[in-house]
Amino acid sequence: MNFDFSDDARTLQDQARRVFDETAGPDAARAVMNDPDKHYDEAIWKQAVELGLTAIRVPEEHGGVGLGAEEACLIAEEIGRGLVPAPLISTMLFTEALLIAGSAEQQAKWLPGVADGSVIGCFGWGEGASQLPSSMPDTRMAKGGLTGTKSPVADAPIANAAVVSYAGEDGPALALVDLSRDDARVTVVETLDLVRPHGTIELKGVEAEPLGTSADYQDFLDRAAVLLSFEALGTQDAAMRMAVDYAKERVAFGQRIGRYQGVKHNAADMYVKGELARAHAMHGAWAFQAGSPELRQAAAAARTASLDAVTYTAEENVQMHGGIGYTWESNCQFYYRRARAISAMLGSRGFWSDRLVRSLENRNAEAA
Amino acid sequence: MNFDFSDDARTLQDQARRVFDETAGPDAARAVMNDPDKHYDEAIWKQAVELGLTAIRVPEEHGGVGLGAEEACLIAEEIGRGLVPAPLISTMLFTEALLIAGSAEQQAKWLPGVADGSVIGCFGWGEGASQLPSSMPDTRMAKGGLTGTKSPVADAPIANAAVVSYAGEDGPALALVDLSRDDARVTVVETLDLVRPHGTIELKGVEAEPLGTSADYQDFLDRAAVLLSFEALGTQDAAMRMAVDYAKERVAFGQRIGRYQGVKHNAADMYVKGELARAHAMHGAWAFQAGSPELRQAAAAARTASLDAVTYTAEENVQMHGGIGYTWESNCQFYYRRARAISAMLGSRGFWSDRLVRSLENRNAEAA
Amino acid sequence: MDFNDTAEEAAYREKVRAWIAENTKEYEGQGAAKTNEEFVARQKSWQKKKYDAGYAGITWPKKFGGQGKGPMESIIFSQEEGKSAAPTGLYAIGLGMCIPTVFTHGSQEVVDRFVPVALEGEEIWCQLFSEPAAGSDLAGIRTKAEKDGDEWVINGQKVWTTNAHLCDYGIIVTRTDPSAPKHKGLTMFIVDMHSEGVEARPLKQMSGGSDFNEVFFDDVRVPDAWRLGDEGQGWQVALTTLMNERLAVGGKPRYSPDWRALLNLAKEIETVLGPASEQADVREEIAKAYINDHGVKLTQQRALSALSQGKTPGPEQSISKVVVAKQMQEISRIALDLSESQGFVKAEPGSELDRFQSSYFGAAGLRIAGGTDEILRNIIAERVLGLPGDLRPPKDTPFNELKPV
Amino acid sequence: MDFNDTAEEAAYREKVRAWIAENTKEYEGQGAAKTNEEFVARQKSWQKKKYDAGYAGITWPKKFGGQGKGPMESIIFSQEEGKSAAPTGLYAIGLGMCIPTVFTHGSQEVVDRFVPVALEGEEIWCQLFSEPAAGSDLAGIRTKAEKDGDEWVINGQKVWTTNAHLCDYGIIVTRTDPSAPKHKGLTMFIVDMHSEGVEARPLKQMSGGSDFNEVFFDDVRVPDAWRLGDEGQGWQVALTTLMNERLAVGGKPRYSPDWRALLNLAKEIETVLGPASEQADVREEIAKAYINDHGVKLTQQRALSALSQGKTPGPEQSISKVVVAKQMQEISRIALDLSESQGFVKAEPGSELDRFQSSYFGAAGLRIAGGTDEILRNIIAERVLGLPGDLRPPKDTPFNELKPV
């Protein structure tokens, strides 16, 4: 048994972390937020491409390096930690959709561009209030044309192509849309996250290709959940470190506030939630990599636990900072807002805890 | 506006508290627990009767003092605080059922005995796992004979008469059974509360009288919920005081543990939960007394909040005591066990929070 | 026990309701003020009307221009005022906290100069307490005041000052003796917000709003006659102010959504099992919201009853904010989650969802403002339950020799 | 990343599985032991078999009679042993905590005398640390040891001693110099539990069970040769023992119900809306239980991976108990609530409901045993996150001059 990432994967993670430590983080996020014309930091995107981060999962035949889920997960964690203001997570999800469900032609058309950084991808499932990732979308395909409205879609305003959910024959399924087409209309939509751009994709009979089956869609949800769990864990860890660092320095009533159990136990709770989520996320990474049937439950557990961890930590990070944490100048807001963005990316907590129990029920029934 | 109990009611409460301070409390509870032949403390019962506590709600025409809900609630609180090992709460519920739904004859037959202490009453709704106070009971009435099994019924082994729920025409309703009849079989049933006796009442066509309508039954549930909320608050307050007293004295790492925020904030949470529940319980007492239509929601809120408060406090009282709190010799166990008993007495938290929302929905719909 | 007005209360309510109805007509249908000037002008006009009609300072002693009535009258007036179109808010801190401190601790001269004008609404006041390094630990403030003849010279920075940019005067806590122990070297003054050297800058919050200010003091001079209490007695004087604050705050912000908002939102959300409002987990949250929100309201009514009977409501009041702020954060997050991806899209201003979104940010601030959850729990445990205080460094060390541990 | 056994691990597992299967036949179908003697006899026979076959002290150094293997082998053996009918438990503390302390700190003489006999199972050991006034604060113990020639005389009381009434020897922390600072006046010894003056009394728990003892020492004599470590070094020696404890505890008690138990219970409970297992609030609790329970299991596997790669698992392990104990209390309470009034009636021994009822009581103890939730959170915050310690009274005050504040 070896329940840890490989040394190679860790080395890649360290590289990414070093780069993002220098170039990304809250300051870079703030720069993008403050510039209304800037949807992302192109220099960081370029650097990430040069580092091969968009190419890790792309097979060698398509110009990538063909690495596994472990590497992708650890990179997602670093993207989360650095609040990286570039469309890396979106492009990762786009890539996974093609890997799971894309035909040889579809892969050959899009993946080389992903690997060399010329293609930014995005993924859209949402259509309005109360819809869940498992609901049948209103978006329909007829005669190769896709009609519907997907919103909010992260990074849509800067993406070249989108994978979106639509009403497949026996459940929601994925379709691929070239956003450079004139009839694919993308408008910017304002969200609670002021850094990552979001868009509405309006499709009125836009030419689009189906991408696999509805079973593929379900598998895609699992993989996406695992990747987003690692993003959440990176963000959570950064917020926790920020809180802890402040508690070590801030003085009230003559002592550093980190001495008070009220503060200390709060920090411990952040850590406990983070570690529980990390264990499930690693389980998910293993199941993803190994193609194990445990992936369904592991992914749902990882998503549920990581949303809990990042939400709690983002909220309590503000609290631990006191008044200063509530100011615009403080970096607390980036974590507070990003936690909402991660949740919106793929259905919120309630959907995933229910999916977890459904998969546990199935497993229980099989065992019986 | 005067949102406080009357001075007269407070005076009565003080009297009861003084008496129970001397005679009841954990030591008296322990004595009953340790004596397998003793179901309750007859001396305390006698004293309570002499003090008029069983007579407070009984109309003067039946030998009582005809006081209102305020007094009954405050007495219930003292019974809870003192863990009083005598069938006072059961008899109070029995009395309320007769007051709400009893005919002139029924009242004349039973209430004088309640007032002078010669009648111990009890109330039974439970019939098995998962049944709720609102479910249609299996117990049926046919030709004046009642058939069914009610269990666990608090104080049944020592009661002269029982009010039980049965399947009325349009919902659960109440019936009155004379337990001195040879064919009313009561057996002792062991529960998690080792002080208050519980029984199973087995009825096979036992002669019994209907007590009011199913609407009366619903009203009775509300009043019972308010009374039990006050019992819970008394128990909660006693457990909190026990925890706080210990935290003021116990020393660890050179200081009284009450100085640590970990302990202090826990105590504060006990207090906050207790005060919230108290406010709702007082609202319930007012609505009970005033016959206000707000009673339904106030009673459900009081019951939900008081179960939360007493459960939390009973659990954390053990925790705050550390190892000693987990011993048989410690009095912590009485509160831990009694919290379960109070819950079992009338449907647990989930039922009542749902009933609360249902009544809020109705109110909301009326307002719209 | 009686939730209804007594006969006297009902009569008073009737009287003020009629007066308010008559006198707020001009504000009806007015939108939000477009400029600071317009905002201030409306507030001033309403305060003046109240003053003229004998509804200003309802609970203040008559000798300070008040009406000498009980808290119940004051609450009744506020309730009726709240239901009307009256423009309120600007005087809450000045008349609720600052002026009571002025008339309790100021010289006769100062009282005569400031109190009537303030009550009439002519001059607006703010409270200058918190500093960047002294929030919960107010006695840790560093803003200096040094004596220079008959005047004092103030240097330093305050923060979280409500409406400082609209105010004429403020009450300020300063350190006048850094070599005295922390709590003993403080002195309080009245300061003219229009003096040279005072600069108020809006402080932008995480939510994007700017309800507060940072205020910088650069060689600002105040006359010794404007001192409140003796030199070195600033801590005691500040406690008076804070005592009044405790009575004033604690409620739920008006814009904050309650159980009803969650119920209404959940009713509109269709799930495979029917409306979300029928799901057990959502119902549980609605129940919790009612228990917390309404429980706090009932607790405040208990305190009000005590007050009106001449009893002092205890620090039991502290439960209010500790319950309300966290509840507001939870209910908002739950509503956003229930709304799924739509909950993440910036909502239409004024919509139900917008209220939840604003509250999700506002709650993070409310959990801190006026005492963090942690400080409030300490207060409850220590003052109500009698638990001992946190272990702290020695109290008698001179302030300028304090070394944080 | 690989959850499966490596080839070597699989081979080892195969080997031990076969051996265990062969050697536990005699225990199959045995009910619970009826007497202490029978209980001890079974445990002794199994330990002896393991010893003879080379499966005792798997991770111990060979020079102390161990097998010198890695933690993975030890875990594999325990896993397979756990699936069998083997009677285990009595040696967990002695061989897991006491004897490692003995062979780390005892003289050669002492090691030769005690270690092999203990490993063979002939002598049973207990750990005498906690006292009524020293639980979390172990260094606050008061049991005295005074030197008398070549012997020490022990007086005092220990508590929460597992199986003291069945044990032959124990390791005990005593205070040998009350005038030294708290942590510096301690010394550890081996004590013969059959000596005159030792009395073990069962300690009844809130749950009704008696898994622990109080042990009284009245002029009990131990030879100086049985000292573990130097005089005054007892704190350092005790830390060795506790370090081993940290590796040993943390898991969930075997009898404790998990998410599966709650799911099964909820499936059987019919509500007006169908089985309780379909209700959103119950599903949420099942999900939480899985996330906590299985998350802890996975975290332990992470630690095991680290161990087997020669890395030291950090105090990250502390999260285990803090999560598990509270989760156990919650899930049990929820199950009892779901069972309504039936959940309150003493359940059939061995039934699902009985497990929830026992766990509701057991959890209250588990939240305290081996470090309260509060202490564990402190450990996580201080040792993992590097936050500063609680402010405490001076460390160098002589123990007998300490005055609690």
Side-chain angles (χ1 to χ4, degrees), chain A residues 1-6 9 68-70 240-241 243-244 247-248 254-261 263-272 275-280 282-283 285-287 289-290 292 294 297-298 300-301 304-305 308 349-350 352-358 360-361 364 367-368, chain D residues 1-6 9 72 75-76 259-260 263-264 267 277-278 280 282-292 294-306 308-309 311 316-320 322-323 373-374 376-382 384-392:
Chain A
M1 197 200 71
N2 175 21
F3 189 22
D4 198 359
F5 290 97
S6 70
E70 289 194 24
M240 179 178 76
R241 300 293 160 190
V244 166
K248 285 178 188 169
Q255 55 190 305
R256 287 173 288 157
I257 61 170
R259 288 197 189 278
Y260 296 110
Q261 288 189 356
V263 170
K264 205 178 284 197
H265 291 180
N266 204 343
D269 287 344
M270 291 179 182
Y271 181 80
V272 168
E275 284 302 288
L276 280 182
R278 184 171 304 277
H280 286 291
M282 286 174 72
H283 186 208
W286 165 78
Q289 176 113 334
S292 158
E294 281 180 41
Q297 91 194 44
T304 309
D308 283 348
R349 198 191 174 294
W352 286 98
S353 69
D354 189 75
R355 186 171 166 107
L356 169 59
V357 178
R358 192 64 64 205
L360 293 175
E361 285 171 326
N364 210 33
Chain D
M1 212 183 266
D2 191 353
F3 270 87
N4 299 321
D5 285 340
T6 62
E9 287 163 4
M72 204 56 89
I75 294 285
I76 289 172
W259 62 267
R260 207 177 268 107
L263 173 58
N264 290 336
K267 265 159 69 179
S277 58
E278 284 302 314
V282 177
R283 295 177 78 75
E284 176 56 36
E285 296 300 337
I286 295 169
K288 254 195 246 165
Y290 174 81
I291 286 171
N292 286 328
H294 198 65
V296 163
K297 223 183 251 178
L298 292 165
T299 302
Q300 284 167 338
Q301 284 174 322
R302 288 180 65 199
L304 185 60
S305 276
S308 74
Q309 289 166 27
K311 301 173 196 159
E316 287 83 352
Q317 277 279 71
S318 302
I319 78 163
S320 168
V322 77
V323 171
D373 289 359
E374 289 75 20
L376 293 175
R377 281 202 173 77
N378 264 17
I379 290 177
I380 292 169
E382 294 172 16
V384 185
L385 300 176
L387 287 171
D390 297 345
L391 202 57
R392 286 191 182 151

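Lettering follows sequence order; numbering is per chain, from 1.
- Contact annotation for D:Asn292: both backbone and side-chain heavy atoms come within less than 4.5 Å of a heavy atom of chain A.
- Looking only at side-chain heavy atoms (C-beta outward), D:Ile319 and A:Tyr271 come within less than 4.5 Å of each other.
- At least one side-chain heavy atom of A:His265 sits less than 4.5 Å from a side-chain heavy atom of D:Asn378.
- Heavy-atom pairs under 4.5 Å with chain D peak, among A:Ala247, A:Ser6, A:Ala285, A:Ser353, at A:Ser353.
- When heavy atoms are compared at a cutoff of 4.5 Å, A:Leu356 approaches chain D solely by way of its side chain, counted from C-beta outward.
- A donor-acceptor contact shorter than 3.5 Å links the side chain of A:Lys264 to the backbone of D:Pro388.
- Heavy atoms of A:Gln255 lying under 4.5 Å from chain D belong exclusively to its side chain.
- The two atoms that bring A:Val244 and D:Leu385 nearest to each other are CG1-O, 3.4 Å, heavy atoms only.
- Here the side chains of A:Glu294 and D:Phe3 are not in contact, with every heavy-atom distance at 4.5 Å or above.
- Looking at A:Asp354, the atoms closer than 4.5 Å to chain D (heavy atoms on both sides) sit in the backbone and in the side chain alike.
- Contacts between A:Met240 and chain D at a heavy-atom distance below 4.5 Å involve the side chain alone, from C-beta outward.
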Please test D:Leu263 against A:Glu361 for side chain to side chain contact (heavy atoms under 4.5 Å, CB included), starting from the C-alpha separation and ending with a verdict.
CA-CA 8 Å; D:Leu263 173 58; A:Glu361 285 171 326; 3.9 Å; yes
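- In this structure, D:Gln309 and A:Asn2 have side chains that are in contact, with non-hydrogen atoms separated by less than 4.5 Å.
- Nearest heavy-atom pair, A:Leu276 versus D:Gly295, reported as atom, atom and distance to 0.1 Å: CD2-C, 3.6 Å.
- Comparing A:Val272, A:Asp4, A:Asn364 by how many heavy-atom pairs each has under 4.5 Å with chain D, the most go to A:Asn364.
- Contact of A:Ala305 with chain D is made through backbone and side chain together, with heavy-atom distances under 4.5 Å.
- When each of A:Gln261, A:Arg259, A:His283, A:Lys248 is scored by its heavy-atom pairs under 4.5 Å with chain D, the top score falls to A:Arg259.
- Separating the CG atom in D:Asp390 from the OH atom in A:Tyr260 is a distance of 11.0 Å, to the nearest 0.5 Å.
- A salt bridge is defined here as a Lys NZ or Arg NE, NH1 or NH2 lying under 4.0 Å from an Asp or Glu carboxylate O, and A:Arg358 with D:Glu278 meets this definition.
- Highest contact tally toward chain A, considering only D:Ile291, D:Leu387, D:Asn4, is held by D:Ile291 [criterion: heavy-atom pairs under 4.5 Å].
- Top candidate by heavy-atom pairs under 4.5 Å with chain D, chosen from A:Asp269, A:Leu360, A:Ile257, A:Val263, is A:Leu360.
- Between atom CG of residue D:Leu391 and atom CZ of residue A:Arg256 there is a gap of 10.0 Å, rounded to the nearest 0.5 Å.
- Contacts with chain A were tallied for D:Ala306, D:Ala280, D:Ser305, D:Ala381; D:Ser305 has the most, counting heavy-atom pairs under 4.5 Å.
- Listed options D:Glu284, D:Lys297, D:Lys288 were ranked by heavy-atom pairs under 4.5 angstrom with chain A; first place goes to D:Glu284.
- Rounding to the nearest 0.5 Å places CZ of A:Arg278 at 6.5 Å from CZ of D:Arg302.
- Of the possible donor and acceptor atoms, one in the side chain of A:Glu70 sits under 3.5 Å from a partner among the backbone N and O of D:Met1.
- For the options D:Ser277, D:Ser308, D:Gly386, heavy-atom pairs under 4.5 Å to chain A are most numerous at D:Gly386.
- With hydrogens and angles ignored, the 3.5 Å screen pairs a side-chain donor or acceptor of D:Glu9 with a backbone N or O of A:Met1.
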